[in-house]
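Here the structure is a predicted model, which means the values were calculated and not measured. Every number for a ligand or one of its atoms is a count from 1 in the order of the listing.
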Amino acid sequence: MQYKAIRGFKDILPGQMEPWRRLEEEAKQVFEIYGYREIRVPIVESMELFARGIGEATDIVSKEMYAFRDRRGNHVAMRPEATASILRAFIEHKLYMESAVHKVYTIGPMFRYERPQKGRRRQFHQIDVEIIGDPGPRSDSELISMIMQLFSLLELENLELHINSLGCPHDRGPFRAELKDFLKDYTSQLCQDCRERMETNPLRVFDCKVERCIEIMKHAPTMLDFLCDECSRHFSSLKRDLERLGLEYVVNSHLMRGLDYYTRTTFEVQTRELGAQSAIAGGGRYDNLMRDFGGPDTPAIGFAIGEERVVELLEEHAELDEPGPYIFLAVLGKEAEDKAFVWMHELRKRGIWCEMEYQSLGLKAQMRRADRLNTKWVLIVGDDELAKGIGIMRDMSTKEQTEVSLGSVVDEVAAMKERS
Ligand code: HAM
């Protein structure tokens with residue numbers, strides 16, 4: 001019996017890690033500059049948390065949840081996103097008592113039972129960022145400019161920033177009614193799902209991927225025409241800020257996002273290079289979710305980056321060399337092997353990546369291995385060199401060789417590293 005990873009779940013092998021590391025390390029550095037702290041929340045939560053938070057009528061909850069009963073019969077689910085869990089943690093640990101505004105991020109796997117395809121997996125990874133406690137609109141523009149700074153540091157090109165406002169619940173009522181009215185004329189042409197959405201949550205018809213529904217929605221009323229003065233001012237201030245910061249944007253009034261908790265600002269960063277799965281990040285404001293979860297009335301905004309999609313762009317564009325050891329110790333003879341083993345230990349203690357081979361291979365085989373590891377230097381030590389106290393240091397890129405005193409070889413290598 002040969003086991004295979006199940007559909008929609010993928011291994012990320014050691015040789016594929018570099019773009020992932022680049023993305024996550026760059027993200028963490030940027031988040032630090034903006035004052036974010038890391039939070040980690042569980043992968044499994046009560047099913048109810050996601051149903052309440054994301055919305056019963058969303059595709060994520062109604063079709064895509066990895067939900068099951070545990071051994072005690074509790075209805076639990078593997079998280080499809082992180083926002084609901086982060087708010088649950090805030091309320092549970094009363095973090096809102098510590099300070100007025102919290103900036104947090106988390107990185108990890110999410111699970112949605114979607115049809116796997118390019119850029120869409122059943123287990124995928126998100127970098128999720130939230131500002132909790134600030135009503136905006138300044139924090140909206142700060143958040144958006146941070147994500148664009150990250151993408152620019154990663155040298156991602158041809159991105160489009162789409163923004164929209166979904167208003168407040170007060171605006172949403174009349175809009176929903178108008179939308180329902182509009183949809184009534186098209187009932188027979190809508191897909192079966194959208195006919196149901198029309199009754200349960202007509203806004204979700206905007207998310208439909210069926211061509212004829214997309215066509216119909218092109219003529220639908222838009223939320224922007226229903227914004228109250230305050231929501232309208234919020235949106236205008238955001239736009240002005242983005243202009244001040246030199247960030248280009250597209251107002252996309254059809255950007256509803258697939259989760260029910262959003263209020264006011266929503267946004268997505270899209271690429272034209274990944275086909276249908278064009279959103280590499282998306283988010284928005286969710287001012288009422290904390291209160292809906294039984295916490296204090298606390299506004300918040302956040303976004304999540306789809307790591308698989310960014311990794312794909314990095315793989316296509318960036319020259320990412322696998323990192324290699326600083327030095328490889330190529331040894332011949334038992335005595336040299338024993339000495340080198342201790343040097344390697346000392347070098348690693350000094351923070352220098354050093355490798356050697358334990359299987360007493362010939363010099364050629366060791367050099368091949370050093371080459372494959374992408375080593376910068378190789379120190380060659382046989383019994384002759386040991387007797388003379390002089391080893392041979394080979395620069396693997398220029399192939400130049402120099403002599404090095406073995407008496408103080410650890411110090412010499414450390415000094416070389418320091419100078420490089
Ligand atoms: P979302 O739009 O559902 O938002 O997901 C954010 C990003 O995750 C998407 O833009 C996409 O890049 C990636 N993504 C989603 N599903 C998949 C999948 N099946 N395979 C690969 N990548 C995927 C949220 O999850 C919100 N929690 C974001 C947020 C945070 N809003 C406020 N705070």
Side-chain angles (χ1 to χ4, degrees), residues 7-10 12 20 23 27 36 39 41 45 49-50 53-55 58-61 63-66 78-88 90 102-132 134 136 139-140 143-144 146-147 151 156 159-164 166 204 206-207 209 255-271 273-290 298-313:
R7 195 165 132 78
F9 289 68
K10 279 216 172 154
I12 307 167
W20 292 83
L23 167 60
Y36 284 81
I39 182 170
V41 286
E45 299 263 6
L49 177 81
F50 299 119
I54 300 167
T58 59
D59 280 359
I60 297 179
V61 171
K63 297 186 187 158
E64 299 167 2
M65 289 289 267
Y66 273 91
M78 274 151 71
R79 63 182 186 193
E81 58 120 40
T83 312
S85 310
I86 290 175
L87 279 205
R88 195 260 316 127
F90 256 71
H102 283 266
K103 295 178 171 184
V104 293
Y105 74 90
T106 195
I107 301 178
M110 309 293 156
F111 305 85
R112 295 183 193 175
Y113 195 85
E114 294 189 87
R115 197 168 57 78
Q117 53 176 269
K118 191 174 148 74
R120 196 198 275 163
R121 304 249 178 95
R122 289 182 174 166
Q123 174 177 330
F124 60 100
H125 298 78
Q126 283 187 345
I127 298 178
D128 182 276
V129 175
E130 316 286 353
I131 304 180
I132 300 172
D134 189 278
S139 47
D140 307 27
L143 192 78
I144 292 174
M146 180 175 80
I147 189 172
F151 288 152
L156 300 184
L159 299 183
E160 258 178 21
L161 167 64
H162 288 228
I163 60 169
N164 191 21
L166 297 186
R204 296 273 71 93
F206 280 105
D207 305 334
K209 305 281 184 301
L255 184 70
M256 289 291 147
R257 313 264 305 118
L259 306 96
D260 277 352
Y261 50 58
Y262 290 116
T263 48
R264 294 192 168 168
T265 308
T266 54
F267 60 94
E268 265 180 21
V269 182
Q270 300 186 358
T271 167
E273 296 179 21
L274 291 179
Q277 306 310 318
S278 58
I280 58 170
R285 183 158 278 292
Y286 48 99
D287 288 342
N288 303 321
L289 190 57
M290 184 88 100
T298 310
I301 183 166
F303 69 81
I305 297 173
E307 289 197 78
E308 274 74 6
R309 296 181 191 176
V310 175
V311 162
E312 206 171 310
L313 293 180

At under 4.0 Å between heavy atoms, what of Pro80 touches ligand 1? The answer is neither
Side chains of Thr265 and Leu143: closer than 4.5 Å at any heavy-atom pair?
no
Would you check the N or O atoms of Glu114, main chain and side chain alike, for any that come under 3.5 Å of an N or O of ligand 1?
yes
Around atom 30 (C) of ligand 1, find the nearest protein heavy atom and jot down its residue, atom name and distance.
Thr83 OG1, 3.0 Å
Identity and distance of the protein heavy atom lying nearest atom 31 (N) of ligand 1
Tyr262 OH, 2.7 Å
Please confirm whether Glu308 comes under 4.0 Å of ligand 1, counting heavy atoms of the residue only.
no
Residue pair Asp128 / Thr83, side-chain heavy-atom distance below 4.5 Å:
yes
For atom 11 (C) of ligand 1, what is the nearest protein heavy atom, given as residue, atom name and distance?
Arg309 NH1, 3.4 Å
Residue set satisfying ring pair (Phe, Tyr, Trp, His ring centres under 6.0 Å) with His162, at least two apart, ordered chain then number -> none
Which of the listed options, Glu307, Glu81, Gln126, holds the heavy atom that is closest to atom 5 (O) of ligand 1?
Gln126
Donor-acceptor side-chain pairing of Glu273 and Thr271 below 3.5 angstrom
no
Close side-chain approach of Glu81 to Ile60, heavy-atom, < 4.5 Å:
no
For atom 12 (O) of ligand 1, the closest protein heavy atom turns out to be Ala279 O, 2.8 Å
Closest protein heavy atom to atom 14 (N) of ligand 1, given as residue, atom name and distance to 0.1 Å:
Phe124 CE1, 3.5 Å
Would you mind telling me if ligand 1 is within reach of the side chain of Glu130, the backbone, both or neither, using heavy atoms under 4.0 Å?
side chain
With a 4.5 Å heavy-atom cut-off, do Met256 and Asp207 have their side chains touching?
yes
At a 4.0 Å cut-off, with the gap strictly under it, does some heavy atom of Gly258 reach an atom of ligand 1?
no
Going by the atom numbers of ligand 1, which of them fall below 4.0 Å from some non-hydrogen atom of Gly284?
32 (C)
Out of all atoms in ligand 1, which are within 4.0 Å of some heavy atom of Asp128? Include the element for each.
30 (C)
Interatomic spacing from CD in Glu268 to OG in Ser278 - rounded to 0.5 Å:
7.0 Å
Hey, which atoms in ligand 1 end up nearer than 4.0 Å to a heavy atom of Gly282?
10 (O), 28 (C)
Contact atoms of ligand 1, heavy-atom distance to Gly302 under 4.0 Å:
30 (C), 31 (N), 32 (C), 33 (N)
Does Ile280 approach ligand 1 within less than 4.0 angstrom via side chain, backbone, both or neither, non-hydrogen atoms only?
backbone
Do Met146 and Phe151 come within less than 4.5 Å of each other through their side chains, counting heavy atoms only?
no
Is Arg257 near ligand 1, meaning one of its heavy atoms is under 4.0 Å from it?
yes
Return yes when atom OH of Tyr113 has more than 12 non-hydrogen atoms of other residues, nucleotides or ligands closer than 6.0 Å, and no otherwise.
no
So, Tyr286 and Glu130: side-chain donor and acceptor under 3.5 Å apart, yes or no?
yes
Shortest heavy-atom approach to atom 26 (C) of ligand 1 - which of Phe267, Phe303, Tyr261
Tyr261
Relative to the heavy atoms of Gly119, which atoms of ligand 1 are at a distance of less than 4.0 Å?
20 (N), 21 (C), 22 (N)
Proximal ligand 1 atoms for Leu259, defined as those under 4.0 Å from one of its heavy atoms
3 (O), 4 (O)
N/O separation below 3.5 Å, Arg121 to ligand 1:
yes
Within a distance under 4.0 Å of any heavy atom of Gly283, pick out the atoms of ligand 1 and give their elements.
31 (N)
For residues Ile280 and Leu274, determine if any side-chain heavy atom of one lies less than 4.5 Å from a side-chain heavy atom of the other.
yes
Counting C-beta onward and ignoring hydrogens, is there a side-chain heavy-atom pair between Tyr66 and Arg122 closer than 4.5 Å?
yes
Please determine whether a side-chain nitrogen of the Lys or Arg among Glu45 and Arg79 lies less than 4.0 Å from a carboxylate oxygen of the Asp or Glu.
no
Which protein heavy atom lies closest to atom 13 (C) of ligand 1, and at what distance to 0.1 Å?
Gly306 CA, 3.5 Å
Side chain to side chain, Arg285 and Ser139, heavy atoms closer than 4.5 Å:
yes
Suppose the criterion is salt bridge (charged side-chain N to carboxylate O under 4.0 Å, His left out): which pairs have a residue in residues 106-118, not counting sequence neighbours?
Glu114-Arg120, Lys118-Glu312
Would you say Arg120 and ligand 1 have an N/O pair spaced under 3.5 Å apart?
no
Counting from 1 in the order shown, the ligand 1 atoms closer than 4.0 Å to a non-hydrogen atom of Ala281 are 10 (O)
